[in-house]
Amino acid sequence: MEKRDGRIIALPADGVFEKHYDVIVVGLGTAGSMAAIAAARKGLSVLGIERLNCMGGTGTVGGVVGYYYGNRGGIFEDIDSQVAAYQRQDDFAPFQGVHAEIKNWIMDTQAVKAGTEVSYESFVIGVYRDEHKVRGLCWVSPAGIHRTSASVVIDSTGNAEVCELAGCALDMGRELDGECQPFSNVQMKLYPNGAVGNFYTDSGYIHVADPDSVTQAIIDSNLLGTHLQETFTGEALLLKTAALLGIRESRRIVGEERVTFADVLEDRLTAEPVFFGFSNLDNHGKDMAFESENQQDWLVAASLFGPNMNVPVPMGALIPQGFDGLLAAGRCISLDHDIASAIRQKRDMEKSGEVAANIAYLAIRDHVHVKEVPYAKLKELLVETKCLKVGQTLEFQEITPQEDHERKPIPASKWLTDPQAIKEGLSGDKPGIAIWSAKRLGGSIIASLKEWTDQHDEPLLRKNSALALGLMGESASLPVLREIVYSRDLYLPRTSRKYNQPHLFAAIYLLGRLKDLEIMPELMRFMRNETFMETLEADSSNDEFIFDRTELYFQFFSFSMMAALRIADQYEEWRPQIDEVVTGRFSDPNFELIITLKTHIKEANGFLKNKMNERVHRIYSAYTSRWN
């Protein structure tokens, strides 16, 4: 199988291989570097193919040198500890995070010591298949074209490039429009205290399967005003811009098993995990109105951006469906778009590489297909290196990235079940856990929620109870939800450490889900023009998500458009009116829908703007085409 002019084609193979390896690892980034080292340490013959000139990917040449979340444990810990030992020496400049250059050196050293053969500046251009069994690769290096066989190939390219060549089923992005999260571009700087550290901003959107889009993203992000300036007046000195983009999401395999956010919410989790992903639902997008209902339930209606979840990943998520001799590691494993934002942290991706190596080792040693590897044997190997820890469970916990990750678990069973405790939570400014607890309880709490929506002397209890009822699909929530919209209620809960969602947009979203015909005229007003915003003020503490009035209007328009479309699915008579309003807005040359891209530096907040007209219009056109 080869790719020519963007198409995968099948060609006859002569079956002559120049060399055989037990394992070929393609992509020696976050996951692949650990896969190559772990496989070689098991005594396997290993070839690592990497298009760059170093290992580590995002965590080294990509400049993302710190850890956000993710679980500790696994062979990466030993490598990081070796890096830390060198960092403490006086002959290395102080470094904020894991020293990228030292880590490159340590990984090269460990790979060679274990017996891995590495080919840098090399690319895979074809896959040899016998039915659905991958037999080897055609690849090119500075020395020329090679044909190499392998018992197992591990695709850790990040973009499932080998799996694509093999003909595996893939998916990408969210369901509504296939869009992925924004990517980042990192700068390395020398700070006044003499330490080297990084600075990054979200830099735009990229279509990773389109080479022209990738090239343009590299150029455009390098020319951003936060990166390339006429004069650098800050105290920190610019050292370099990272050569590798920080891509959060790309293509994913359709695996023998799949992890979805719906499974997490409904407690449908594997009993045979190979590693746990630990993070919050860290979606960097600002167009939340276009995300799935599950994600909007969690992030918009309940404002639960902050709680971290410890999600078990099964072995089948690393095995492309229907294939043998092929594994995936890294961000291209089998996840849905929603949960992918919680299972992409560097620690967890490093673990996925180690897991893939151990699956390959057992399949080769025991002469079985990769999907037939016994879980008990695999678990034993993973527990030995602490890649997998016995007793881990799903948990939701609010901690900051700087806190110790050796934490006491808070199991999902700790959701509130006592109506009085739920009432207290709904009465406060951090209602998210109580809202979701009420949703989980279902019918037994509905009567109480209805009663609480009538308590006008407790406005937070009243409104939060309505949000909970709305999540449960109860029409009793409609009067309060409408009231929130009519009053333009931008009250911001404090459930999460940041990115909480105003009551107003939660109410608009839920009214759309509930197909509320009565709210349609108000949604039309929101979309028709933005003059109603002249007297509105958003909570400035939320300016990283809604930076200015322009961005505030984007939220009004996008949430109102999607709510109106959902209502018009049922009430056809509104379709011409929606089309008149939306088409009229997009035909106005002065109409702009703008978001600002997120940054971890407050001073740069609101600096980078992204026009969303084309995307929103494309979503509208695709949605309404279903009516025809």
Side-chain angles (χ1 to χ4, degrees), residues 176 287-291 293 296-297 300-301 453-454 456 459 462-463 465-467 469-471 473-491 501-538 546 549-588 590-594 612-613 616-617 619-628:
L176 186 63
D287 52 351
M288 292 305 303
F290 306 135
E291 297 290 351
E293 286 191 357
Q296 289 191 73
D297 286 353
V300 178
T453 59
D454 288 332
H456 293 265
R462 185 166 179 265
K463 294 171 186 177
S465 297
L467 294 178
L469 283 170
L471 279 175
E474 292 291 323
S475 60
S477 64
L478 292 175
V480 180
L481 294 178
R482 292 176 192 140
E483 177 186 313
I484 291 171
V485 175
Y486 293 143
S487 64
R488 320 289 201 262
D489 185 357
L490 288 170
Y491 170 80
Q501 292 291 320
H503 272 169
L504 175 61
F505 301 132
I508 292 176
Y509 160 63
L510 291 172
L511 288 166
R513 272 194 58 186
L514 292 164
K515 314 289 188 184
D516 181 44
L517 187 61
E518 186 174 319
I519 203 63
M520 283 294 276
E522 194 72 351
L523 300 180
M524 295 299 104
R525 291 189 193 97
F526 290 158
M527 287 191 289
R528 191 170 286 115
N529 65 70
E530 55 264 50
T531 57
F532 69 89
M533 290 178 41
E534 292 177 359
T535 60
L536 295 182
E537 290 295 336
I546 301 177
R549 300 178 75 80
T550 303
E551 192 157 47
L552 178 64
Y553 184 66
F554 170 80
Q555 303 297 337
F556 267 101
F557 189 93
S558 58
F559 275 110
S560 296
M561 185 185 85
M562 291 308 301
L565 291 174
R566 289 188 177 101
I567 296 168
D569 279 336
Q570 181 169 321
Y571 298 99
E572 296 184 18
E573 65 271 21
W574 274 94
R575 296 176 185 178
Q577 297 179 60
I578 295 172
D579 192 63
E580 179 184 358
V581 171
V582 174
T583 302
R585 291 298 270 157
F586 280 108
S587 64
D588 181 355
N590 297 315
F591 177 58
E592 287 189 324
L593 293 172
I594 302 289
M612 301 292 282
N613 287 47
V616 177
H617 192 240
I619 289 170
Y620 173 78
S621 299
Y623 194 104
T624 54
S625 68
R626 299 182 305 177
W627 294 339
N628 299 322

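We number each residue from 1, following the sequence as shown.
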So how far is it from Met288 CE to Phe505 CZ, rounded to the nearest 0.5 Å?
13.0 Å
Short question: side chain of Tyr620, backbone of Thr583 - any donor-acceptor pair under 3.5 Å?
no
For the residue pair His503 and Tyr491, categorise the inter-ring angle as parallel (less than 30°), tilted (30 to 60°) or perpendicular (more than 60°).
tilted
Going from CD on Glu530 to CZ on Arg585, what distance comes out if it is rounded to the nearest 0.5 angstrom?
4.5 Å
Arg528/Glu580 salt bridge by N-O under 4.0 Å criterion:
no
Report the C-alpha distance between Leu481 and Asp516 in whole Å, list the side-chain angles of each, state the deciding distance to 0.1 Å, and finish with yes or no for side-chain contact (heavy atoms from CB on, under 4.5 Å).
CA-CA 10 Å; Leu481 294 178; Asp516 181 44; over 6 Å; no
Is any side-chain heavy atom of Val480 closer than 4.5 Å to a side-chain heavy atom of Leu469?
no
Close side-chain approach of Phe290 and Val616, heavy atoms under 4.5 Å
yes
One pair to check against side-chain contact (heavy atoms from CB on, under 4.5 Å): Met562 and Leu176. What are the steps and the verdict?
CA-CA 11 Å; Met562 291 308 301; Leu176 186 63; 4.1 Å; yes
So Arg482 and Val485, side-chain contact (heavy atoms from CB on, under 4.5 Å) or not? Walk me through it.
CA-CA 5 Å; Arg482 292 176 192 140; Val485 175; 5.7 Å; no
Give a yes or no on whether the backbone of Ala289 and the side-chain of Gln296 come within a donor-acceptor separation of less than 3.5 Å.
yes
Do Phe526 and Val581 come within less than 4.5 Å of each other through their side chains, counting heavy atoms only?
no
Arg575 side chain to Ala568 main-chain N or O, any donor-acceptor pair under 3.5 Å?
yes
For a 4.5 angstrom cut-off between non-hydrogen side-chain atoms, does Arg513 reach Asp297?
yes
Do Ile508 and Glu522 have side chains that approach each other closer than 4.5 Å (heavy atoms only, starting at C-beta)?
no
Should Ser477 and Leu510 be marked as a side-chain contact (heavy atoms from CB on, under 4.5 Å) after you check the CA-CA gap, both sets of side-chain angles, and the distance that decides it?
CA-CA 9 Å; Ser477 64; Leu510 291 172; over 6 Å; no
Do the side chains of Leu523 and Met520 get nearer than 4.5 Å, heavy atoms only?
yes
In terms of relative ring orientation, are Phe532 and Tyr553 parallel, tilted or perpendicular, with 30° and 60° separating the classes?
tilted
For the CG atom of Leu514 and the CD atom of Glu474, what is their distance to the nearest 0.5 Å?
9.0 Å
Exam field: side chain Asp489 to backbone Leu504, donor-acceptor pair closer than 3.5 Å
no
From the list Arg488, Lys463, Arg462, salt bridge (charged side-chain N to carboxylate O under 4.0 Å, His left out) partner of Glu483 resolves to Arg462
Note, Met527 side chain near Val582 side chain (heavy atom, < 4.5 Å)
yes
Any non-hydrogen side-chain atom of Glu572 less than 4.5 Å from a side-chain atom of Trp627?
no
Candidate list Phe557, Phe586, Phe591, test ring pair (Phe, Tyr, Trp, His ring centres under 6.0 Å), partner His617, passing option
Phe586
